[in-house]
Amino acid sequence: MRKKKSDPICILVLFLPAVLAVAPLVFLATGSFMDTQEIRDYIGPVLSGSEGFAVWRLFPVWPTLVNVVELFLDSPEFFQMFWNSMKITAGILAGQLVFGMPAAWGLARYEFPGKKAVWFSYIVLMMMPFQVTMLSEYLVLDKLGLSDTLLAVILPGMFLTFPPFLMYRFFCGIPSSLIEAARVDGAGELMVFIRIGIPVGSSGIISALVLQFLECQSMVEQPLTFLKTKRLWPLSLYLPEVDLSRSGFALCASFVALIPALFAFLYGQDYLEQGIVASAIKE
Amino acid sequence: MTGLKRRITAALLSGMLVAGLLSGCGDSGETGASSTESGGAQQVADAGNGTGNAKGRFVETDIVLPEGADRIYGMGKLDDGSVIAVASAGTTAMIYKSQDMGETWNVETTFSDLANSWIQGTSVAPDGTVAMVGFFMEIDDMEEEQLLLIAPDGTKTSKPVILPPTGSDMADRNMPEQIAYDAAGNLFVMDLNYDILKADPETGVCTKAYEWSGSRPSYFGIAGNTLLLMTEDGIPCFSTADGSSLPNAAALDDIVRTDFSIVQRASESFPMAVTSGMEEGSIVYVNHNGIFYYKEGGSVSEQLVNSDLSSLGTTTDYYSIVMLDAEHILVQFINAMGEHQICRYTYDKDIPAIPEKEMNIYALEDSQALRQAVSLYQKENQNIYVRLSIGMTGKDGISAEDAISTLNTEILAGNVPDILILDGLPVESYVEKGILTDLTGVLDRIDQTDGLFPNIRAVYQKDEGCFAFPASFFLPVINGPEEAANVATLGELADYAEQLKEQQPDHAILKENKAEELLWDLYQMDSASWFDAEGALKEEELKQFLTQAKRLYDLDSYPDDSAGMHRYDGRPVGSARNDGILTGKEIITYGTAVDMIDFVGQFAACETSGTTCRAYGDGSGFVPYLMTGISSGTKAKEEAEAFVTTLFGAACSGMEGHGFPVNEAAWEAMKTNAAEKYGPDSMISIGFSMEDGTSGGYMMNTMTEENIAVIEAMLQQVKIPADTDAVIRDLVIDQGVRYLKGESSLDGAVTDLCQKINLYLAE
Amino acid sequence: MKKKFWFTGWCFVLPGFAGVLVFYLIPFLDVVRRSFYNAVGKQFCGISNYRTVFSNEAFWLAAGNTAKFLAVCLPLLLALSFAAALLLQRAGRLASLLKSACLVPLAVPAASVVLIWKLVFDYHGMLNGVLNGIGLNAGRDWMNTEAAFGVLVFSYIWKNLGYDVVLWLAGLTSVPETIYEAARMDGAGAMACFFSITLPCIRPISFTIIVISLLNSFKVFREAWMVAGNYPQESIYLLQHLFNNWFRDLAVDKMSAGAVVLSAVILLLIGTLQKSWKV
């Protein structure tokens with residue numbers, strides 16, 4: 001950890017993918033400050049099929065705040081949906097902490113009958129395309145009286161099998177000696193989990209949560225199928241098809257919509273590294 | 001270890017925090033569920049559920065003003081309990097008065113010729129004075145808006161409206177936007193600055209009445225002596241007597257907070273109207289959710305009329321509302337057809353508060369024609385709650401595929417809508433999977449009373465039954481020189497058009513086209529012949545189609561840079577334009593004719609330019625519209641059949657804006673109507689500027705008996721429906737656009753298209 | 001050591017598993033049931049649905065494309081992301097910045113991704129614009145030719161590279177530095193360290209990463225679908241397109257049977273993978 005020297009070649013090689021990865025962000029950000037006419041000039045060839053090729057600029061020629069103003073002052077439904085997104089995300093993440101995390105711990109650190117079956121069912125269920133189970137899931141939610149409430153999206157999300165799957169690996173990586181030592185100190189099983197499992201596995205937990213966060217932000221099919229009432233829709237359903245008449249606004253909305261996700265991993269990453277450091281110190 | 005401890009606490013704390021959030025959002029999820037978008041409807045339903053079979057509801061009836069009034073400017077209640085409406089028939093403006101709750105109306109005053117006047121606002125004072133602002137022909141001052149006052153005895157005075165200077169750069173002069181009287185007879189004006197001004201009727205001078213620093217109002221209304229401003233944040237109220245601000249009413253703020261569309265529409269329409277209720281300080285208002293009553297100091301508004309059970313939900317323009325007494329309300333609005341209308345709502349204490357039965361109608365795309373049918377049906381059947389759900393509203397990014405998949409989920413889960421409007425839905429699969437029930441019985445009944453076009457009936461009546469049937473249809477037509485009108489195929493059309501082009505290289509031959517619109521037109525004209533008896537696609541036909549479409553597209557090299565398309569009732573049909581021939585711009589037009597007016601123009605073109613108008617090809621193709629099915633799982637079969645009877649019935653499908661009816665009685669009515677309106681005696685004319693810069697025009701008097709017979713013959717010979725498979729149509733148009741624009745080769749396009757279509761058929 | 005705690009184990013797993021049972025396992029079993037019934041789910045029809053599915057051309061095309069897609073993009077993604085992670089380890093102070101950059105695609109909403117794909121790969125798009133600019137007159141509609149497959153692979157890698165890099169990094173960093181130090185003391189070179197310490201140590205996590213990459217490869221569908229519709233160019237017609245279209249036509253019977261076949265294959269694949277990984 002001490003010798004953090006940068007290798008210029010590595011940076012050079014990584015530069016290209018990094019630029020490709022960030023390009024859409026730049027595109028959205030720039031577009032947010034362009035007026036519709038300017039955007040039309042650039043991307044008109046693609047969207048309306050006029051002659052020439054689409055182009056883009058790094059900075060708008062005529063920067064404008066029109067889109068931002070429209071979004072923040074004239075679009076209350078944007079915020080309604082933004083909060084719906086936040087509620088859904090918070091609910092799912094909390095559920096994962098309460099249910100998914102212990103399940104991962106149980107699967108990683110204990111032997112018990114049926115473990116293999118549970119483990120395989122987690123993996124296979126994780127892989128099922130949504131549209132396959134959509135109908136059956138709808139029936140279950142309908143039976144439980146949950147359809148058309150935010151819970152219809154949150155509850156299944158709380159039990160997504162992906163986060164436990166990811167946490168599992170990190171819990172497995174905790175040296176047994178640590179756990180044994182705690183047990184010898186007289187800690188109960190729950191205490192072992194809370195005092196050793198969670199802190200030492202935190203990098204995995206946080207990775208899983210960050211990834212799940214991103215997943216929640218871009219959910220489309222679930223809310224669309226389970227929420228009939230538009231007031232309950234999350235932001236991911238709001239982002240309109242970009243048409244030429246409101247392209248600036250649409251780009252601005254998309255840009256603002258992805259800000260929480262950006263923050264999530266900027267902060268998440270801090271924790272992520274701290275977690276890794278913490279586990280290294282433990283040795 | 002301290003570091004570790006801190007981490008644990010942090011982890012636990014954040015866990016608790018999120019758990020707290022979760023419990024919070026569980027609640028909101030539930031409350032959210034009980035307030036659906038049409039919140040009003042739900043409230044009534046809830047109230048109904050709570051009280052069992054509660055009785056009593058306002059029932060809607062249409063009011064027809066005598067003397068053929070077709071434009072209504074304003075309406076107001078007088079101190080003596082009578083009601084006044086300002087309206088015009090043709091160019092004559094009249095003031096009507098009713099003493100009996102709107103039952104009968106008499107013309108009080110006839111005034112002014114409004115032919116070239118522009119009326120911006122109208123309001124009625126409690127003493128019977130009518131105020132109007134705008135430009136009036138008889139005052140003949142087109143420089144400034146006038147305030148025209150008509151006293152109860154009929155004397156007229158007018159003054160120019162004098163407003164403070166405009167504060168915005170958008171307009172160089174200020175203008176009045178809206179006017180309203182309060183209960184004391186003070187007149188208030190809203191100007192372009194969105195300031196509320198008080199007008200002096202003696203001088204026309206308007207002075208600012210209130211200081212308002214909150215968010216910009218877009219609209220205002222007066223209920224008694226309370227002035228309501230509509231802003232994005234809520235509805236602040238003021239006393240009109242002294243301009244003081246009244247205590248903020250959360251119930252009123254909720255109007256805009258829970259349904260923001262009301263504020264959004266305020267810039268281009270009148271999304272809400274207000275008046276005073278019977279009690280002191282109460283307010284009655286109408287918007288697209290219904291009619292509501294608010295008592296000063298109350299925490300919620302009470303719903304008096306549910307828009308789902310009236311025509312109120314089909315529109316967004318409400319001009320005025322009058323509460324005559326506790327059991328009678330009048331609303332003046334623009335109905336779904338864009339006509340001015342007054343409806344009366346009368347309390348009927350003997351019918352159930354909410355209809356006991358419910359019927360659900362699903363349509364993928366919105367349609368005014370459908371809404372009209374719903375409204376008509378609802379009026380006749382006050383005991384049924386009709387809910388119309390639209391899969392694709394166009395206001396969000398929901399695609400047709402998304403909407404269909406959601407619908408299918410519900411169908412399979414047993415929540416089937418009673419009626420399905422099948423346009424754009426996978427009809428064949430629905431029939432095959434037994435989702436739809438046989439319509440033979442109900443169609444037979446309509447056939448006996450009204451008659452259904454036998455040629456159309458034959459198309460859909462199969463041995464095993466008839467599971468889907470259109471309410472109306474469109475007709476592919478072509479207009480041009482005899483040789484053009486007689487073409488049997490697109491190839492012949494292209495040959496002929498190219499020949500003409502050689503003769504007159506500088507003249508446009510065909511109507512203006514854009515790739516997408518052209519393909520829609522041609523697809524609907526031509527696709528009926530693409531499939532063989534087994535329903536398999538003929539590849540050669542497809543290739544021919546694309547080849548000929550390309551020739552037609554390239555012929556006049558029209559610029560093609562925008563996606564704008566001609567639309568009829570929201571669908572990309574009905575582009576049988578004729579004006580190009582009339583103005584001398586082009587020689588041939590084609591497309592789908594959707595109503596008699598299309599033909600009025602077509603025949604006018606024939607008369608002036610010596611062209612011929614025919615059904616395209618062998619005249620067998622047609623485009624079905626509003627394909628309707630009743631689901632086999634319906635619990636309201638009788639009601640659903642009754643609705644279908646209304647939708648296919650003479651009263652509904654003969655209305656303008658429905659295409660050509662399948663119903664023979666409706667067609668008879670349409671013929672009579674056309675002959676009356678556009679017959680040889682008609683004086684209606686249309687003017688336009690010709691290609692060469694001169695001005696031209698034509699008389700809309702071409703609906704002679706012979707011409708009507710020609711149309712009738714066309715309707716009677718159609719037998720092959722076009723555009724029956726939305727999947728194939730979308731694939732063809734998508735690929736076709738690319739080919740026409742030169743982005744792919746013919747072989748490439750055909751191969752690609754066949755491959756995709758075969759994939760579709762293989763599934 | 002772990003054995004005696006099996007009751008405790010279940011206690012940890014049970015709450016979560018109960019939810020999984022209700023919201024995922026039961027619906028999945030319902031799908032299995034439906035695969036033996038007719039479309040509306042009312043009439044038992046044995047294995048005839050499976051027969052229909054196996055004799056369906058579209059199914060084989062979609063299954064073949066899906067397999068081909070996995071075979072191409074999984075190894076590619078794993079290799080590229082692993083290389084990137086190793087490079088990132090040496091990138092020093094800039095590492096965190098570069099890593100954040102690679103994660104950005106995950107945050108971009110699908111609607112925007114679709115727009116960008118259109119702008120880049122359309123006939124009038126930027127890619128053709130650039131090619132045209134450097135004198136290659138490559139006027140082609142990328143999404144509607146064989147190149148569509150390449151575009152799909154590219155978009156998958158683009159979207160998931162950062163995801164995998166983070167996971168690889170987490171694995172790499174969890175290898176205790178002390179082991180390397182000890183090895184270096186013993187005179188082991190960089191190569192030796194890599195092969196005898198790094199690789200074995202990240203072996204368990206590589207299983208996880210493979211499974212997750214597989215999972216994410218199924219998610220590329222939403223974007224493919226939004227760009228190219230229900231019937232894309234033949235080479236990117238995937239199983240989900242088929243499932244989607246089947247559902248549109250209410251062919252739940254075929255869809256369920258197809259899904260059961262798919263899950264059987266996945267189960268087999270994971271089982272084999274796990275066996276050979278011994279994790």
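On a predicted model such as this, the values are computed, not experimentally measured, just so you know. Both backbone and side-chain heavy atoms feed into the values below; hydrogens, waters and symmetry mates do not. Below, read A as the first sequence line, B as the second, and so on, with proteins coming before strands; counting in each chain starts at 1.
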A.B. asks: A/P113 versus chain C, heavy atoms under 4.5 Å apart: side chain, backbone, both or neither?
C.D. replies: both
A.B. asks: What's the separation between atom CZ in C/F28 and atom CE in A/M128, rounded to the nearest 0.5 Å?
C.D. replies: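 Separation between the atoms: 5.0 Å.
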A.B. asks: Quick check on A/P129 against chain C: is it the side chain, the backbone, both or neither that has a heavy atom closer than 4.5 Å?
C.D. replies: side chain
A.B. asks: Can any side-chain N or O of A/Q131 pair as donor or acceptor with the backbone N or O of C/Q240 at less than 3.5 Å?
C.D. replies: yes
A.B. asks: Would you call the rings of C/F207 and A/F165 parallel, tilted or perpendicular, where under 30° means parallel and over 60° means perpendicular?
C.D. replies: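 C/F207 and A/F165: tilted rings.
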A.B. asks: Identify which part of A/V140 has an atom lying under 4.5 Å from any heavy atom of chain C, answering side chain, backbone, both or neither.
C.D. replies: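 For A/V140, the contact with chain C is made by the side chain alone.
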A.B. asks: Side chain, backbone, both or neither: which part of A/Q217 has a non-hydrogen atom closer than 4.5 Å to chain C?
C.D. replies: neither
A.B. asks: Would a line drawn from the ring center of A/F159 to the ring center of C/Y24 be shorter than 6.0 Å?
C.D. replies: no
A.B. asks: Sort out for me which of C/G125, C/P15, C/C102, C/G162 touches chain A most, counting heavy-atom pairs under 4.5 Å.
C.D. replies: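 Looking at each option in turn, the highest pair count goes to C/G125.
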A.B. asks: I'd like to verify something: which residue of A/V132, A/L214, A/V22 has the highest number of heavy-atom pairs under 4.5 Å with chain C?
C.D. replies: A/V132
A.B. asks: Using heavy-atom distances under 4.5 Å, tell me whether A/F162 contacts chain C through its side chain, its backbone, both, or neither.
C.D. replies: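 The side chain, not the backbone.
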A.B. asks: Have a look at C/S112 and tell me which of A/L251, A/L258, A/L25, A/L28 forms a side chain to side chain contact (heavy atoms under 4.5 Å, CB included) with it.
C.D. replies: A/L28
A.B. asks: Of the backbone (N, CA, C, O) and the side chain (C-beta and beyond), which part of A/V19 lies under 4.5 Å from a heavy atom of chain C, both, or neither?
C.D. replies: neither
A.B. asks: State the CH2-NZ distance between C/W10 and A/K115, to the nearest 0.5 angstrom.
C.D. replies: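 That separation rounds to 11.5 Å.
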A.B. asks: Which bit of A/M101 comes within less than 4.5 Å of chain C, counting heavy atoms only: side chain, backbone, both or neither?
C.D. replies: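 For A/M101, there is no contact with chain C at all, as no heavy atom is under 4.5 Å.
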A.B. asks: Looking at the rings of C/F7 and A/F112, which for Trp means the six-membered one, are their centres under 6.0 Å apart?
C.D. replies: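 No, the ring centres sit 6.0 Å or more apart.
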A.B. asks: Between A/I179 and chain C, which part of the residue has a heavy atom less than 4.5 Å away: side chain, backbone, both or neither?
C.D. replies: neither
A.B. asks: For A/L14, is it the side chain, the backbone, both, or neither that has a heavy atom closer than 4.5 Å to a heavy atom of chain C?
C.D. replies: both
A.B. asks: Report the option among A/Y122, A/Y138, A/F15, A/F213 that has the most heavy-atom pairs separated by less than 4.5 Å from atoms of chain C.
C.D. replies: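 Max contact count across the listed options: A/Y122.
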